[in-house]
Chemist: 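Here it is, the structure, as structure tokens.
Letters go in sequence order (proteins before strands), and every chain restarts at 1.
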2 protein chains.
Amino acid sequence: MTGKPKISPSSEQIRAAGVKVTRQRVRVLDALLAARQPLCHGELESQLGGAEAGSRRVIDRVTLYRVLDSLVACGLAMRAVDPRGVFRFSATGAPRQHAGHVHFRCTDCGGVFCLKAEPPPPPALPRGFRLAQVEFDVRGTCAQCGAR
Amino acid sequence: MTGKPKISPSSEQIRAAGVKVTRQRVRVLDALLAARQPLCHGELESQLGGAEAGSRRVIDRVTLYRVLDSLVACGLAMRAVDPRGVFRFSATGAPRQHAGHVHFRCTDCGGVFCLKAEPPPPPALPRGFRLAQVEFDVRGTCAQCGAR
DNA sequence: TCTGCAAATGCAACAATGTTGCATTTGATG
DNA sequence: CATCAAATGCAACATTGTTGCATTTGCAGA
Ligand SMILES: [Mn+2]
Ligand SMILES: [Mn+2]
Ligand SMILES: [Zn+2]
Ligand SMILES: [Zn+2]
């Protein structure tokens, strides 16, 4: 028995994104896909058993950062700062899926909702400035949280 | 000569806010009022001579945090996270000074620059959703960072 | 002007987050 | 299987932010 390579839904996404399919990338993307809200580094680390005392580390802290960076770079994950200044990561499902519309972020539950509105056009920039990304963030409370 | 207490514009604001007028609070609020963009902790520290080698520290790092906290608490300053996840502080002295235009954030140096463009109008929301805040983030590299 | 005291400060220690360098391991390819 | 660039683990470091505690100080009242 050599142990069949596990086929998880994330494996295919990673392969399709054109990067190596590794244990750690699969693990992390699996966690992001299963999560109901964007996860910060610490949450991912403890969920993956990164800091267990006694048992072996499953993933290195730095590797987790680099895996997250790579997932963001190839479009499989999104990164955003939360109001406390920490990065939170979420799976984007199919790459570029969320490029053409505005998102609403619930400040209560942390949920992200897709709106139908198109992102506004970028403004004119001073000389020498180079535009990399525009983000139109709409925040408030979602219907479910507002009902409580 | 006992040294007259310096009267700076910020002294009055601090007194009016109902908290003690201290050297450090005056120093920090002066810096915030003079700044053309929101400043992060490190920028304030080096501007105030907090980490000079050889000469005496002018303000302690922790005191700076606590002074900023107190200024925010009494409404004299505002705190927001930049795209890199660090807090940036600005004086609220001139009220709503940065409300009417879009800001550009340099992903290299973290700097914030005021643009002339007006913020886009908020999009329509699904039923039950309540809008609290819209943020139009324009990111990229500033002229100085792009030149290198 | 002097005194008393709560508030503010400085300093040490700690925690969390994020980065860099380098040696070793591993996934993919032929 | 052999190969090698990419990925990983680990140590070390930087920055940001917090907490506890002893000392200093602003300021109100005597
Ligand atoms: Mn979306
Ligand atoms: Mn941070
Ligand atoms: Zn919600
Ligand atoms: Zn810059």
Chemist: Please collect all salt bridge (charged side-chain N to carboxylate O under 4.0 Å, His left out) contacts where either partner lies in residues 17-35 of chain B, sequence neighbours excluded, each pair once.
Modeler: none
Chemist: Within less than 4.0 Å of OP1 or OP2 of dT25(D), is there a side-chain N or O belonging to Gln24(B)?
Modeler: no
Chemist: Just compare dA12(C), dT9(C), dT17(C) and give me whichever is closest to any side-chain atom of Val62(B).
Modeler: dA12(C)
Chemist: Return the minimal non-hydrogen interatomic distance between Ser70(A) and Val67(A), and the atom names on each side.
Modeler: OG-O, 2.8 Å
Chemist: Could a donor-acceptor pair under 3.5 angstrom be found where the side chain of Arg23(B) meets the base of dG10(C)?
Modeler: no
Chemist: Using atom CG of Asp60(A) as one end and atom P of dA12(D) as the other, report the distance to the nearest whole Å.
Modeler: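 After rounding, the reported distance stands at 14 Å.
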Chemist: What's the separation between atom CD in Glu45(B) and atom CG in Asp60(B), rounded to the nearest 0.5 Å?
Modeler: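 Separation between the atoms: 8.5 Å.
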Chemist: Which ones in residues 27-34 of chain A lie close to DNA chain D, meaning a heavy atom under 4.0 Å from one of its atoms?
Modeler: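 By residue number: none to list.
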Chemist: Test your reading of the model: is there a side-chain donor-acceptor pair from Thr92(A) to the backbone of Met78(A), 3.5 Å cut-off?
Modeler: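 No; zero donor-acceptor contacts below 3.5 Å.
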Chemist: Can you find a donor-acceptor N/O pair under 3.5 angstrom joining the side chain of Arg66(B) to the base of dG10(C)?
Modeler: yes
Chemist: Can you tell me the distance, in whole Å, between the CD atom of Glu43(B) and the P atom of dT15(D)?
Modeler: 13 Å
Chemist: Rounded to whole angstroms, how far apart are CG on Asp82(B) and P on dG17(D)?
Modeler: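 Checked: the CG to P distance equals 9 Å.
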Chemist: Bend across the helix from dT1(C)-dA30(D) to dG30(C)-dC1(D), to 10°, with axes taken over 5 pairs at each end?
Modeler: 30°
Chemist: Under a 4.5 Å side-chain heavy-atom rule over Ile, Leu, Val, Met, Phe, Trp and Tyr, are Leu131(B) and Phe136(B) clustered together?
Modeler: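 Linked, Leu131(B) and Phe136(B) end up in one cluster.
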Chemist: Are the side chain of Gln13(A) and the backbone of Val26(A) linked by a donor-acceptor contact shorter than 3.5 Å?
Modeler: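 Side chain of Gln13(A) to backbone of Val26(A), a donor-acceptor pair under 3.5 Å: no, none is there.
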Chemist: Listing time: all N or O pairs from protein to nucleotides 27-30 of chain D that are below 3.5 Å?
Modeler:
from: dC27(D); atom 1: OP1; to: Val21(B); atom 2: N; distance (Å): 2.6

Chemist: Taking all atoms of both residues into account, what is the closest heavy-atom pair of Leu125(B) and Arg130(B), and its distance?
Modeler: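 Here Leu125(B) and Arg130(B) meet closest at CD1-C, 4.3 Å.
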Chemist: Nearest whole angstrom, please: distance from the C1' of dA8(C) to the CG of Leu71(B).
Modeler: 13 Å
Chemist: For Phe129(A), check ring-ring contact (aromatic ring centres under 6.0 Å, His included) against everything at least two apart and list the hits.
Modeler: Phe104(B), Phe113(B)
Chemist: dG17(D) C1' sits how many Å from Asp69(B) CG, rounded?
Modeler: 10 Å
Chemist: How many whole angstroms separate atom CD1 of Ile14(B) from atom C1' of dA7(C)?
Modeler: 14 Å
Chemist: Is there a path of hydrophobic side-chain contacts, each under 4.5 Å between heavy atoms of I, L, V, M, F, W or Y residues, that connects Tyr65(B) with Val19(B)?
Modeler: no
Chemist: Taking atom types as they are modelled, is there a donor-acceptor pair under 3.5 Å from the base of dG10(C) to the side chain of Arg61(B)?
Modeler: no
Chemist: Using the test salt bridge (Lys or Arg N to Asp or Glu O under 4.0 Å), find all partners of Asp82(A) that sit at least two apart in sequence or belong to another chain.
Modeler: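 Partners of Asp82(A) under the salt bridge (Lys or Arg N to Asp or Glu O under 4.0 Å) test: Arg88(A).
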Chemist: Tell me: CZ of Phe87(B) to P of dA16(C), nearest whole Å?
Modeler: 16 Å
Chemist: Tell me: CG of Leu68(B) to P of dA8(C), nearest whole Å?
Modeler: 14 Å
Chemist: Tell me what Val67(A) touches on the nucleic acid: a base, only sugar-phosphate, or nothing, going by heavy atoms under 4.0 Å.
Modeler: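 Contact class for Val67(A): sugar-phosphate only.
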Chemist: Which atom pair, heavy atoms only, marks the closest approach of Pro123(B) to Ala117(A)?
Modeler: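 Nearest heavy atoms, Pro123(B) then Ala117(A): CB-CB, 3.4 Å.
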Chemist: Report yes or no: does Glu12(B) contribute a side-chain atom to a donor-acceptor pair with the main-chain N or O of Pro9(B) at less than 3.5 Å?
Modeler: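 Such a contact is absent between Glu12(B) side chain and Pro9(B) backbone.
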